[in-house]
Amino acid sequence: MKRYVFALSLAAATALGCINVSDNNPSLLLIVAPILDSVFVGDTLPPRDVYLRDVNGVHHPPGAVTWSISPTLVATIDASGRVAGKSKGTAVVLATVSGATSAALVLVSRPLELTPLLDTIFLMPGDTITVPVAIVQKNPVATTLQFDPSPNPSVYTIDANGLVTAQATGGPDVYRMHVSDGTNTVSDSGVIAVMSLTDTLGNGKFYMTAFGTAIRHQSGGALALNYARLSGRLAFRLTDTLAIADSLDERVIITLPDSLLPVQVPGAFEIDSISPQEATSTISSVNPVCNPKRPWAFFGSLLPTPGIVAYSHGTPSDAVAGSLSITQYAPAVGGGAIISGRYLFRAQRLDLYGDPLGLETIRGTFVAPLRERHSTCQG
């Protein structure tokens with residue numbers, strides 16, 4: 001059930017790939033491609049391409065290459081660089097040339113894989129959600145997916161297709177699911193927590209996942225604001241943040257140009273694309289926080305160094321990157337409200353901007369206090 005952050009993300013692999021091969025010629029960089037690949041257990045991959053790239057982008061032969069891989073329980077590599085999948089997991093391939101090392105990642109899957117796309121789901125009583133899952137198959141045959149009944153139906157119920165209905169405050173309680181292709185059967189699980197906040201004094205809770213060249217499964221505090229823009233009108237911002245002893249900071253921020261009102265709930269709001277230049281602008285007329293022109297989102301992580309920054313990003317044919325859904329709006333004691341909902345959007349990593357490998361898919365559920373603040377963008 002518990003999943004951990006990759007110890008070496010693509011950012012780290014890319015950093016290793018940008019090591020000078022020779023002090024006598026510092027303009028040559030050692031490159032391994034592709035730096036992200038996948039293989040099923042029992043299958044093999046051909047050797048990665050290895051070359052030296054100069055400042056003009058010209059490729060040069062690297063000479064002798066020494067290969068290694070870790071951990072060898074997940075995959076092995078021979079002297080020619082061929083990778084063999086051994087067990088489910090992630091392996092780091094290292095190519096060494098003249099003392100310089102460049103890295104690539106290989107994801108190893110079983111012939112049938114079942115992954116919950118939200119290991120933890122936060123809901124308010126009365127909320128419903130269908131558990132999102134991913135099924136990966138080596139052979140494209142029909143599969144059967146089924147969920148076990150709830151172990152605590154007074155807190156939540158779930159049908160065989162994964163439709164969850166939150167009943168009352170409680171949990172976290174486990175949900176279990178199984179998929180079969182007639183030959184293989186794979187099981188996995190997650191948890192569901194049902195929350196009932198009464199006031200806006202503290203933070204709520206969120207759980208988010210990021211899938212792409214960086215993978216995250218994180219939970220932390222959630223807070224929503226209707227805040228004053230420079231014009232005096234109110235905008236909306238949801239902030240989901242995990243911070244541990246100042247050493248780890250995962251953050252999802254979703255901004256809407258207008259405040260969230262109870263008449264809009266339940267409702268879904270598009271999340272649009274935003275460029276890095278616009279997202280970081282300090283010019284008042286285009287400041288995306290104090291003068292948001294459209295809804296947008298941000299995903300960031302401090303680890304691994306130098307960290308990950310990603311902004312909501314659509315496709316070449318569609319600027320819409322995803323959506324924020326608000327499922328409930330309940331007045332809180334002392335003013336404000338408690339809201340619940342979920343989000344799903346695409347984000348492009350800043351360090352891989354323009355590269356398809358930089359695309360992340362961000363999902364999350366939350367229960368959060370909604371406060372009104374008039375000092376955010378006022379002098």
Side-chain angles (χ1 to χ4, degrees), residues 1-6 87-90 107-137 143-182 184-198 202-211 215-222 240-242 244 248 250 252 325 327-328 330 338-344 361-368:
M1 183 190 309
K2 178 65 176 177
R3 289 168 174 83
Y4 297 91
V5 176
F6 280 158
S87 64
K88 179 181 179 179
T90 305
L107 311 180
V108 182
S109 301
R110 296 171 295 189
L112 179 65
E113 292 286 3
L114 173 64
T115 302
L117 297 179
L118 284 172
D119 303 53
T120 300
I121 297 173
F122 287 108
L123 304 170
M124 286 172 62
D127 279 340
T128 62
I129 187 173
T130 298
V131 178
V133 302
I135 298 173
V136 177
Q137 299 172 260
T143 60
T144 301
L145 174 65
Q146 187 163 1
F147 288 77
D148 289 349
S150 170
N152 194 350
S154 64
V155 174
Y156 82 90
T157 59
I158 185 170
D159 68 14
N161 298 316
L163 175 61
V164 175
T165 302
Q167 303 293 335
T169 303
D173 291 309
V174 173
Y175 70 82
R176 291 186 172 86
M177 56 187 180
H178 319 273
V179 66
S180 175
D181 61 7
N184 306 289
T185 298
V186 178
S187 301
D188 212 323
S189 62
V191 298
I192 294 169
V194 182
M195 300 179 61
S196 297
L197 302 178
T198 58
N203 287 336
K205 294 287 290 183
F206 83 94
Y207 186 87
M208 62 78 65
T209 60
F211 287 97
I215 296 181
R216 300 289 188 273
H217 300 255
Q218 302 292 3
S219 180
D240 289 348
T241 303
L242 168 68
I244 302 176
L248 178 62
E250 302 277 346
V252 172
S325 295
T327 54
Q328 290 200 59
I338 308 301
I339 61 173
S340 62
R342 65 206 64 157
Y343 47 82
L344 170 61
T361 299
I362 315 297
R363 287 178 175 84
T365 62
F366 60 88
V367 175

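Just so it is clear, the structure is predicted and the values come from calculations on it, not from any experiment.
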Would a 4.5 Å heavy-atom cut-off, applied to side chains only, mark [X] and [Y] as touching?
X	Y	result
F366	Y207	no
V133	L114	yes
E250	T241	no
R110	V186	yes
T90	V108	no
I362	L344	no

Excluding sequence neighbours, so at least two apart, what forms side chain to side chain donor-acceptor pair (under 3.5 Å) with S325?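 Applying side chain to side chain donor-acceptor pair (under 3.5 Å) to S325 gives none.
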
Nearest non-hydrogen partners of [X] and [Y], listed with the distance:
X	Y	answer
D240	Y343	OD2-OH, 2.7 Å
S180	T185	OG-OG1, 3.4 Å
N203	G221	CB-CA, 4.3 Å
V155	G171	CG1-N, 4.1 Å
S189	P116	O-CG, 3.8 Å
T365	I121	OG1-CA, 3.6 Å

Verify the distance criterion only: is there a donor paired with an acceptor across the side chains of [X] and [Y] at less than 3.5 Å?
X	Y	value
Q328	D127	yes
S154	N152	yes
H217	T209	no

So, does T169 use its side chain to make a donor-acceptor pair with the main chain of M195 at under 3.5 Å?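 Pair absent, no side-chain N/O of T169 close to backbone of M195.
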
Is S219 reaching over with its side chain to a backbone N or O of F206, donor-acceptor style, under 3.5 angstrom?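 Checking the backbone N and O of F206 against the side chain of S219, a donor-acceptor pair under 3.5 Å is found.
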
Distance check, rounded to the nearest 0.5 Å: M177 atom CE versus S187 atom OG?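 Reported to 0.5 Å precision, the distance equals 9.0 Å.
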
Distance, nearest 0.5 Å, that separates NZ of K88 from CG of L107: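 Separation between the atoms: 11.0 Å.
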
Counting only heavy atoms not in R363, do more than 12 fall under 6.0 Å of its CZ?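 More than 12 within 6.0 Å, yes.
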
From the options D188, D148, T144, select the one residue that forms a side-chain hydrogen bond (donor to acceptor under 3.5 Å, both in side chains) with H178.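 Answer after filtering D188, D148, T144: D148.
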
Going by the side chain to side chain donor-acceptor pair (under 3.5 Å) test, which pairs reach into residues 157-166, not counting sequence neighbours?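 Every side chain to side chain donor-acceptor pair (under 3.5 Å) pair that includes a residue of residues 157-166, provided the two are not neighbours, is T157-Q167.
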
Contacts of V164 that satisfy side chain to side chain contact (heavy atoms under 4.5 Å, CB included) - sequence neighbours left out: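 Once residues adjacent in sequence are excluded, the partners of V164 under the side chain to side chain contact (heavy atoms under 4.5 Å, CB included) criterion are L123, I129, V131, Y156, I158, I192.
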
